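What you are looking at is a predicted structure, and each value in this text was computed from that prediction instead of being measured. Residue numbers count from 1 along this sequence.
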Amino acid sequence: QVRLVESGGGLVQAGGSLRLSCAVSGRTFSRYAMGWFRQAPGKEREFVATISWSGGTTYHADSVKDRFTISRDNSRNTVYLQMNSLKPEDTAVYSCAADSTAWRTVPTTHQNSYAYWGQGTQVTVSS
């Protein structure tokens, strides 16, 4: 059974930082791209960042580029999202997701390509 467990969310003031972690079990982590998505109240879930199976390719949404960084440690079966210079508009539930296809050359930003999802962790940024 594939399981994704996020941690690291919380309440932070604008301009602060948080690092989210997502631990994966139940599959060979290093074969699959990973992604982070978020959903704010009353809004649809949106793409935040993705990283290839090797970690060599990453994409970040324009809204978080230069502030957020996705990374992974295949020896720990964990993907991270370092969030700096947080803004109130970053407030959302952040979820990690695992790609459905192994060895994908270019990681995808499309939610439908992700087969497994974590339960999410709340990030609240106060002004």
Contact list for residues 30-71, test disulfide bond (SG atoms under 2.5 Å apart), sequence neighbours left out | none
May I have the step-by-step check of side-chain contact (heavy atoms from CB on, under 4.5 Å) for T50 and T108, ending in yes or no?
-> CA-CA 7 Å; T50 184; T108 177; 5.9 Å; no
Pairs satisfying disulfide bond (SG atoms under 2.5 Å apart), at least one member in residues 41-90, at least two apart | none
First locate atom OG1 of T58, then atom NZ of K65, and finally report the distance between them rounded to the nearest 0.5 Å.
-> 9.5 Å
Non-hydrogen atoms of G9 and L20 that approach each other most closely = N-CD2, 3.6 Å
If you look only at pairs with a residue in residues 7-106, which of them pass as a disulfide bond (SG atoms under 2.5 Å apart), with sequence neighbours excluded?
-> C22-C96
Across all chains, not counting sequence neighbours, the side-chain contact (heavy atoms from CB on, under 4.5 Å) partners of T57 are S52, Y59, P107
Can you list the residues that meet the ring-ring contact (aromatic ring centres under 6.0 Å, His included) rule with Y116, with sequence neighbours excluded?
-> none
Sequence neighbours excluded, the answer for side-chain contact (heavy atoms from CB on, under 4.5 Å) partners of S17 is Q82, N84
Of all heavy-atom pairs linking H60 and T69, the shortest is NE2-CA, 3.4 Å
Residues which pass side-chain contact (heavy atoms from CB on, under 4.5 Å) with A23, listed by chain and number, not counting sequence neighbours | T78
Contacts of type salt bridge (Lys or Arg N to Asp or Glu O under 4.0 Å), residue R19, not counting sequence neighbours | none
Could you name each residue pair satisfying disulfide bond (SG atoms under 2.5 Å apart) that touches residues 48-82, not counting sequence neighbours?
-> none
Do the side chain of N74 and the main chain of W53 share a donor and acceptor less than 3.5 angstrom apart?
-> yes
Looking at W117, is R45 sitting on its ring face, NZ or CZ under 6.0 Å from the six-membered ring centre and within 45 degrees of the normal?
-> yes
Between S113 and R104, the two heavy atoms sitting closest are CB-NH2, 3.8 Å
Output side-chain donor-acceptor pairs under 3.5 Å for residues 24-36, partner residues at least two apart or in another chain, one line each.
from, atom 1, to, atom 2, distance (Å)
R27, NH1, D99, O, 2.9
R27, NH2, D99, O, 3.3
W36, NE1, Y80, O, 3.3

Between L18 and L86, what is the shortest heavy-atom contact and its length?
-> N-CD1, 3.9 Å
Path from V5 to V93 over hydrophobic side-chain contacts below 4.5 Å | no
Is a side-chain donor or acceptor of E6 paired with a backbone partner of Q119 at a separation under 3.5 angstrom?
-> yes
Treating Ile, Leu, Val, Met, Phe, Trp and Tyr as nodes and any side-chain heavy-atom pair under 4.5 angstrom as an edge, say whether Y114 and V48 lie in one connected cluster.
-> no
Pairs flagged by side chain to side chain donor-acceptor pair (under 3.5 Å) wherever residues 85-98 is involved - sequence neighbours left out = R38-D90, R38-Y94, R67-D90
Please confirm whether the backbone N or O of A115 pairs with a side-chain atom of S100, one donor and one acceptor, at under 3.5 Å?
-> no
All ring-ring contact (aromatic ring centres under 6.0 Å, His included) counterparts of F47, not counting sequence neighbours | F37
Test log, rule side-chain contact (heavy atoms from CB on, under 4.5 Å), inputs V12 and T124 = CA-CA 6 Å; V12 64; T124 303; over 6 Å; no
Single-linkage hydrophobic cluster I51~V64, side-chain heavy atoms < 4.5 angstrom = yes
